[in-house]
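First listed ligand is number 1; within each ligand, the first listed atom is number 1.
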Amino acid sequence: MDRHDRNDDTDHHPGDAIRMSRRAVLGAGAAAVPVGAMARQARRDDAGRSADRGHIDVAMKVNGKDVRLSLDPRTTLLDALREHLRLTGSKKGCDHGQCGACTVIVEGRRINACLTLAVMHDGDAVTTIEGLGTPERMHPMQRAFVTHDGYQCGYCTPGQICAAVAMLDEIEAGVPSHVTRDLEAVAFSDDEVRERMSGNICRCAAYPNIVAAIRDVQGEG
Ligand code: FES
Ligand code: FES
């Protein structure tokens, strides 16, 4: 048997008949596929492509709005907010959990957004400085920072304000700190503020004015 004979008679893959018949079945059925089914298939294909890249779908409520992202699982919450949602109010100071510039409020608790992965917050409610208030309708803590000059360059300020808002809630809820004297009666004081805000560094050293702003919001000014 020469080479041409072999090509004519044996180069077909044994599965060709099956593949052709599947193609024929799909081709014949395509005209009858309802639009809804095609849309569902398109979504599955998108999800598949996303999964192929190793991305994971994450749904969060950010500043009251439902958002859905397809993210590399290594994406930090800070990068998801800044790079994917363009919420650049939260700042990247150290990216190592040392400065507090990236502080946001997640499910009512302040956290360093640079130290947590976005995929860990699927379903969570996230509040950034943009969600606390606007220049026209400032949150009382934002207004107090303005009134008391609680900043100079302003780089640490979004994190300071988010931390301060959640910190007052912690005192209100009776969560003790290292300087709390009476664990049965957690109360506001400048010492408590300094201790609880010690994770938020201000290179401009606006600390006295930051404490004054927080004291004002607490109604102790
Ligand atoms: Fe997150 Fe510094 S940027 S703690
Ligand atoms: Fe400049 Fe705090 S205001 S770092």
Would you mind checking which non-hydrogen protein atom is closest to atom 3 (S) of ligand 2, with the distance to 0.1 Å? Gln152 N, 3.2 Å
Ignoring hydrogens and geometry, is there a side-chain-to-backbone donor-acceptor pair from Glu192 to Ser189 under 3.5 Å? no
Kindly indicate whether the side chain of His55, heavy atoms from C-beta on, has any atom under 4.5 Å from the side chain of Leu71. no
Between Thr103 and ligand 1, which residue portion shows a heavy-atom distance shorter than 4.0 Å: side chain, backbone, both, or neither? neither
Is Cys94 close enough to atom 1 (Fe) of ligand 1 that one of its N, O or S atoms comes in under 2.8 Å? no
Residue Glu107 excluded, over 12 heavy atoms near CD under 6.0 Å: yes
Counting from 1 in the order shown, the ligand 1 atoms closer than 4.0 Å to a non-hydrogen atom of Gly97 are 4 (S)
Ligand 1 atoms in contact with Gly93 (distance to a heavy atom under 4.0 Å): 3 (S)
The reported gap from CZ in Arg109 to OG1 in Thr127 (rounded to nearest 0.5 angstrom) is 14.5 Å
How long is the gap from OG on Ser90 to CG on Leu85, to the nearest 0.5 Å? 10.5 Å
Looking only at protein heavy atoms, identify the closest one to atom 4 (S) of ligand 2 and say how far it is in Å. Arg203 N, 3.2 Å
Cys99 neighbourhood, listing ligand 1 atoms whose heavy-atom distance to it stays under 4.0 Å: 2 (Fe), 3 (S), 4 (S)
For atom 1 (Fe) of ligand 1, does an N/O/S atom of His96 lie at less than 2.8 Å? no
Nearest 0.5 Å, please: how far is CD1 in Ile111 from SG in Cys162? 11.0 Å
According to a 4.5 Å side-chain heavy-atom criterion applied to Ile, Leu, Val, Met, Phe, Trp and Tyr, with indirect links allowed, do Val165 and Val146 form part of one hydrophobic cluster? yes
If we ignore angles and hydrogens, is there a donor and acceptor under 3.5 Å between the side chains of His121 and Thr116? yes
Heavy-atom contacts with Cys204 under 4.0 Å: which atoms of ligand 2 show up? List them by number with element. 1 (Fe), 3 (S), 4 (S)
Run the numbers for me: atoms of ligand 1, each under 4.0 Å from some heavy atom of Asp95, listed by number. 2 (Fe), 3 (S)
Quick one: does Ala206 get within less than 4.0 Å of ligand 2, heavy atoms only? no
Please tell me whether Met120 and Val106 are part of a single hydrophobic cluster in this structure, the criterion being side-chain heavy atoms less than 4.5 Å apart. yes
Going by the atom numbers of ligand 1, which of them fall below 4.0 Å from some non-hydrogen atom of Cys114? 1 (Fe), 3 (S), 4 (S)
Those atoms of ligand 1 less than 4.0 Å from some heavy atom in Cys102: 1 (Fe), 3 (S), 4 (S)
Could you grab the angle centred on atom 2 (Fe) of ligand 2, going from SG in Cys202 to SG in Cys156, to 10°? 100°
